[in-house]
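Report on the following structure.
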Amino acid sequence: MAAAVHSPLYLGFDFSTQQLKVVAMDGNLNVVHQNNVQFDSELPEFRTQGGVHLHADRLTVSSPVLMWVKALDLLLDKMKRAGLDFSRVRALSGSGQQHGSVYWRRGASETLKQLDPDQNLYQLLQVCESQITCLLQRFTGNQIAKVRQTRPEDYQDAERISLVSSFAASLFLGDYAAIDYSDGSGMNLLDIRTRNWSEICLEATSPHLDRLLGAPVPSESVLGPVSSYFVRRYGFCESCRVVAFTGDNPASLAGMRLQRGDIAVSLGTSDTVFLWIQQPRPALEGHIFCNPVDWKQYMALLCFKNGSLTRERIRNECAGASWENFSAALRDTPLGNNGNMGFYFDSMEITPPAVGVHRFDPDDNELSSLSPQVEVRALVEGQFLSRRLHAERLGYSIIPGTRVLATGGASSNKEILQVLSDVFNAPVYTIDLSNSACLGSAYRALHGLAAESGVSFCDVVKKAPDPQLVATPHPTAQEVYGRMLKRYARLEERVLQETRPRSMAATTDQL
């Protein structure tokens, strides 16, 4: 019992859009503490909705930096009251919402280095607050260019520009924290092959921007010991190390424990696909990052807006609002749906940029309707064919040993997962991923210490609970869906050609 009381702990923080969360994990990868602070309800003085401020132009979205700082004060106090012994913490890491940038005012670094443990962080850092700007552009590099043009005084007064992730790490480090390769590659400024800032992109964004960003580092880098402020105020051990923080999506990938060749599919309101790839093929769609658990590899992310809400609509219309009937329709219809195929873009889709519902018979003639059971299978097959098609366009390929890891609400439906297994011709496993970004950050904290000795991330997390096998592909799946994938690609291009004017109009309306 005494050994357990004094055993090492590893912390993983997630500065997400709506809340600040933390997980404490022991050396056996058991979660021993979880906590959070909800921004809207627990910090109402900042008057956020969903953790953000939407500006009058309906385009600019910002989040108060000091809200995060005050949330960290509150969270650490909650953990202390719950009896967490901070002296046991050997390393910590974390993640931050992507697409955000923090502009530190001149002199802020000296403030960070001289924090008074008799005061909380919120009181101390009010003097160096600037602004966190999260524009609707998907990449932080675009935001920086926008800030330089529209708020030149803030830009000129900046001593350092951080991402949300490196800002959070800076608080714990007591100094400016480096941006890690993985989150840095999400900025649209990092050359993912050389792992250095791209001179061309920097010049297009702002001359000499590299001086404000600092040099990027591998994601498993140990940045240094925790600030003496946390040692004296909360009792952290002086030897506790701060491992580079990363973006929320890379941290979630670490929490999923993807291995080489794996693919993770999150089946939620939007369907998200994570890929571990070795030879990326960057395209105009999707995102490719440096891999957060192996900096020599890559990860890709694809987002599909029409996910569970579309499945629920078809369930309501074709299966009497019953998931049991929906599942029965999948069981009672054959692989390949006798050649019937559908595209279901209820809302303007992200991947690909199309809108509308389009159904096709075996001869590629467009139909106005399908029978209820055929419609159910056309929806699910079409969604997963789309996921596989666009994953392969980014460099993903099915290899021996490939696994599909399924998460999200629809991962509880065995028949949906069977179609997923058949379309990808790979076994499907499910994983329990509550607080995945926090858990991935805790894993990365542990790996950061082990990586110095050459230990791989996979070796570090091998004690974690194994995912559960739930579906294996039908023997004829490869033949059926190999043909369908080529046909789906051809029909998707046809849909795009037919809907492009509407797609462009919808995009304009959204802006």
Side-chain angles (χ1 to χ4, degrees), residues 263 265 270-273 275 281-287 300-311 313-314 317-318 329-330 333-398 416 419-420 422-425 477-511:
I263 180 170
V265 181
S270 295
D271 287 352
T272 306
V273 174
L275 314 165
R281 293 198 293 267
L284 293 178
E285 64 184 22
H287 309 275
L301 179 149
L302 288 161
C303 188
F304 303 85
K305 187 174 184 179
N306 294 279
S308 65
L309 296 182
T310 304
R311 287 188 286 270
R313 179 180 69 80
I314 296 298
E317 294 178 2
C318 300
L330 292 176
T333 48
L335 277 68
N337 211 14
N338 293 318
N340 295 291
M341 189 176 288
F343 297 76
Y344 297 81
F345 306 133
D346 290 355
S347 301
M348 178 66 188
E349 185 52 85
I350 298 170
T351 312
V355 68
V357 176
H358 311 270
R359 307 173 184 88
F360 297 92
D361 69 11
D363 297 317
D364 293 351
N365 298 308
E366 192 153 3
L367 303 171
S368 59
S369 64
L370 294 168
S371 68
Q373 284 193 328
V374 172
E375 183 107 274
V376 168
R377 178 165 280 275
L379 164 70
V380 179
E381 286 187 339
Q383 286 185 327
F384 293 151
L385 284 166
S386 178
R387 303 337 175 222
R388 178 176 169 181
L389 173 67
H390 292 280
E392 290 185 353
R393 286 179 176 172
L394 284 181
Y396 173 76
S397 59
I398 298 171
I416 289 177
V419 178
L420 178 62
D422 290 336
V423 170
F424 278 85
N425 192 39
Q478 183 173 8
E479 180 182 356
V480 171
Y481 292 109
R483 292 195 307 268
M484 285 188 72
L485 192 66
K486 296 177 181 178
R487 181 174 169 232
Y488 186 92
R490 185 178 72 251
L491 288 174
E492 181 184 90
E493 183 57 34
R494 175 173 156 184
V495 167
L496 284 170
Q497 292 294 334
E498 293 175 353
T499 65
R500 186 153 284 135
R502 280 189 291 160
S503 299
M504 292 176 65
T507 302
T508 302
D509 290 343
Q510 287 183 344
L511 293 176

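Note that this is a predicted model, so its numbers are computed, not measured.
Nearest heavy atoms, Asn425 versus Ile398: O-CG2, 4.2 Å. Between Arg387 and Asn306, the shortest heavy-atom contact is NH2-O, 3.5 Å. Across all non-hydrogen atoms, the minimal contact from Cys318 to Pro372 is O-CB, 3.5 Å. Shown here for Glu381 and Pro334, the closest heavy-atom pair between the two residues is OE2-O, 4.1 Å.
Counting heavy atoms from C-beta outward, Val273 and Leu301 have side chains that stay 4.5 Å or more apart. Between Asn337 and Met484 the shortest side-chain heavy-atom distance does not fall below 4.5 Å. You'll find the side chain of Asn340 reaches within 4.5 Å of the side chain of Pro362, heavy atoms only. With a 4.5 Å cut-off on side-chain heavy atoms, Val419 and Leu330 count as touching. In this structure the side chain of Pro353 reaches within 4.5 angstrom of the side chain of Met348, judged on heavy atoms.
Scanning for salt bridge (charged side-chain N to carboxylate O under 4.0 Å, His left out) contacts around Glu285 gives an empty result, with sequence neighbours left out. Taking the side chain to side chain contact (heavy atoms under 4.5 Å, CB included) definition, one finds that Glu492 meets it with Phe343, Pro352, Ser386, Leu389, His390, Arg393, Tyr488, Leu496, sequence neighbours left out. Under the side-chain hydrogen bond (donor to acceptor under 3.5 Å, both in side chains) criterion, Gln383 pairs with Arg311, sequence neighbours left out. For Val357, the side chain to side chain contact (heavy atoms under 4.5 Å, CB included) test picks out Arg313, Tyr344, Asp346, Arg359, with sequence neighbours left out. Not counting sequence neighbours, Thr351 has no partner by the side-chain hydrogen bond (donor to acceptor under 3.5 Å, both in side chains) test. Residues passing the side chain to side chain contact (heavy atoms under 4.5 Å, CB included) test with Arg487 are Met341, Phe360, Asp364, Arg490, Leu491, sequence neighbours excluded.
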Side chain to side chain contact (heavy atoms under 4.5 Å, CB included) between Leu302 and Thr272, intermediate numbers included: CA-CA 6 Å; Leu302 288 161; Thr272 306; over 6 Å; no
Full working for side chain to side chain contact (heavy atoms under 4.5 Å, CB included) between Ile263 and Arg388: CA-CA 10 Å; Ile263 180 170; Arg388 178 176 169 181; over 6 Å; no
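Around CD of Gln478, the count of heavy atoms belonging to other residues, nucleotides or ligands within 6.0 Å does not exceed 12. Annotation: Glu366, atom CD; neighbour count of heavy atoms from other residues, nucleotides and ligands within 6.0 Å is above 12.
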